[in-house]
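Side chains included, hydrogens not; waters and symmetry mates left out as well; all remaining heavy atoms used. Position 1 is the first residue of the sequence; numbering continues from there.
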Amino acid sequence: MSARIEHLVTSGTFELDGGSWEVDNNVWLVGDDREVLVIDAAHDDAAIAAAVGTRRLVGIVCTHAHNDHINAAPALAARTGAHMMLHPADSVLWKATHPGIAPEVWLADGDVLTVAGTDLHVLHTPGHAPGAVCLYAPELGALFSGDTLFQGGPGATGRSYSDFPTIIASIRDRLLTLPADTTVYTGHGSKTSIAAEAPQLDSWIARGS
């Protein structure tokens, strides 16, 4: 039996470049009754720990290091003993939120994380942040896109360490090449699919944001 996908929404603030915004974040859990992987430990370590329950937490994956996606990660790691995982290109963003604390595992493009007998492939997809990653689980027909791809467009690129042409290249070359029926589980808001987003690529490029 393959892993299942569970969903939790947590709320807090996103802070960058001197601004602060109230946000709701999607926290995704992938696993079975014995073990689970958390994708983006946002805002509320107690709520995430409750969702994990008595299962073994095999890792805390950070799709990128904006504070709203990582602010609960160290506390969740302390509760569970699980390792925090991040791409090293996001070290500067990580240190802005957690100075003096480092992730235990540095992710690289092509890494494979396994939970409940299900493989999740790490795709480095910079643009929204330099170390942004997505996780692709072919067996589940699932892509966990963080803030790289949303319903209706790419993640924002108007703040520090982001770049619009880079995120477009990441989406075009790494994500829209996945099977059309892949469900996209996003970092905020509603899920979508590769089939729904692929036809919009040219309009995103024309819009330039």
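Atom NE2 of residue H121 and atom OG1 of residue T114 lie 8.0 Å apart, to the nearest 0.5 angstrom. Rounding to the nearest 0.5 Å places CG of L57 at 9.5 Å from CD1 of I48. To the nearest 0.5 Å, atoms NE2 (H128) and CG (D163) are separated by 13.0 Å. A distance of 8.5 Å separates NE2 of H87 from CG of D111, quoted to the nearest 0.5 Å. In this structure, CG on D44 lies 10.0 Å from CG on L76, to the nearest 0.5 angstrom. With values rounded to the nearest 0.5 angstrom, C62 atom SG is found 7.5 Å from H98 atom NE2.
For the pair V105/M84, no side-chain contact is recorded, criterion being any heavy-atom separation below 4.5 Å from C-beta on. In this structure, the side chains of V122 and L135 come closer than 4.5 Å at one or more pairs of heavy atoms. Looking at E15 and S20, their side chains come closer than 4.5 Å, going by heavy atoms from C-beta outward. With contacts defined as side-chain heavy-atom distances shorter than 4.5 Å, the pair W204/E197 qualifies. Inter-residue side-chain proximity for L178 and L143 is flagged as met; some heavy-atom pair is nearer than 4.5 Å. At a threshold of 4.5 Å between non-hydrogen side-chain atoms, the residues L113 and M85 count as touching. In this structure the side chain of P130 reaches within 4.5 angstrom of the side chain of L93, judged on heavy atoms. Between T148 and R174, the closest side-chain pair of non-hydrogen atoms is not below 4.5 Å.
Here the side chain of D90 pairs a donor or acceptor atom with the backbone of G131 at under 3.5 angstrom. Checking side-chain atoms of D181 against main-chain N and O of G141 turns up no donor-acceptor pair under 3.5 Å. Under a 3.5 Å cut-off, the side chain of N67 and the backbone N or O of T97 do not form any donor-acceptor pair. Counting only distance, with no hydrogens or angles, the side chain of Q200 and the backbone of A196 share a donor-acceptor pair below 3.5 Å. Between the side chain of S170 and the main chain of P126, a donor-acceptor pair closer than 3.5 Å is present. Here the side chain of T182 pairs no donor or acceptor atom with the backbone of I194 at under 3.5 angstrom. In this structure, the side chain of R55 engages the main chain of D32 through a donor-acceptor pair within 3.5 Å.
Closest approach of V92 and Y161 over heavy atoms only: CG2-OH, 3.6 Å. The minimum heavy-atom distance between I171 and P154, with the atom names listed, is CD1-CB, 3.4 Å. Nearest heavy-atom pair across G187 and F150 is N-CE2, 4.0 Å. Heavy-atom minimum distance, I70 versus A65: CD1-O, 3.5 Å. Heavy-atom minimum distance, R172 versus T177: O-CG2, 3.7 Å. Contact detail for L16 and R159: the closest heavy-atom pair is CD2-CB, 3.7 Å.
Listed by chain and residue number, nothing satisfies the ring pair (Phe, Tyr, Trp, His ring centres under 6.0 Å) test with Y136 (two or more places apart in sequence, or in another chain). The salt bridge (charged side-chain N to carboxylate O under 4.0 Å, His left out) check on D45 picks up R79, with sequence neighbours excluded.
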Query raised in the report: Is there a side chain to side chain contact (heavy atoms under 4.5 Å, CB included) between V38 and T80 once you walk through the steps?
Result: CA-CA 12 Å; V38 165; T80 62; over 6 Å; no

Query raised in the report: Between H7 and W28, does a ring pair (Phe, Tyr, Trp, His ring centres under 6.0 Å) hold up when you go through it step by step?
Result: CA-CA 5 Å; H7 181 212; W28 301 104; 4.2 Å; yes

Requested in this report: Assess whether side chain to side chain contact (heavy atoms under 4.5 Å, CB included) is satisfied between T63 and H69, documenting all intermediate values.
Outcome: CA-CA 8 Å; T63 61; H69 289 256; 3.9 Å; yes

Report task. Evaluate side chain to side chain contact (heavy atoms under 4.5 Å, CB included) for W21 paired with T13, printing each intermediate quantity in order. Result -> CA-CA 5 Å; W21 301 266; T13 59; over 6 Å; no

**Report entry** Candidate pair R4 and D33, rule side chain to side chain contact (heavy atoms under 4.5 Å, CB included), full reasoning
**Finding:** CA-CA 9 Å; R4 63 179 181 269; D33 292 338; 2.8 Å; yes

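Exactly one residue among T183, N26, V184, I39 makes a side-chain contact (heavy atoms from CB on, under 4.5 Å) with F144. That residue is I39. Under the side chain to side chain donor-acceptor pair (under 3.5 Å) rule, N25 has a single partner from D40, D147, D68, T10, which is D68.
There is no path of hydrophobic side-chain contacts, each under 4.5 Å, that joins V133 to V27. Under the 4.5 Å side-chain heavy-atom criterion for ILVMFWY residues, no single connected hydrophobic cluster contains both V9 and F14. Hydrophobic cluster membership is shared by L107 and V58, with clusters built from Ile, Leu, Val, Met, Phe, Trp and Tyr side chains linked at under 4.5 angstrom. Cluster membership check: I5 does not share its hydrophobic cluster with V52, using side-chain heavy-atom separations under 4.5 Å among Ile, Leu, Val, Met, Phe, Trp and Tyr. The cluster map of Ile, Leu, Val, Met, Phe, Trp and Tyr, joined by side-chain heavy atoms under 4.5 Å apart, puts Y185 and L149 in different clusters.
Side-chain atoms of H43 and N71 form a donor-acceptor pair, as typed in the model, at a separation below 3.5 Å. S11 and D24 share a side-chain donor-acceptor pair at under 3.5 Å.
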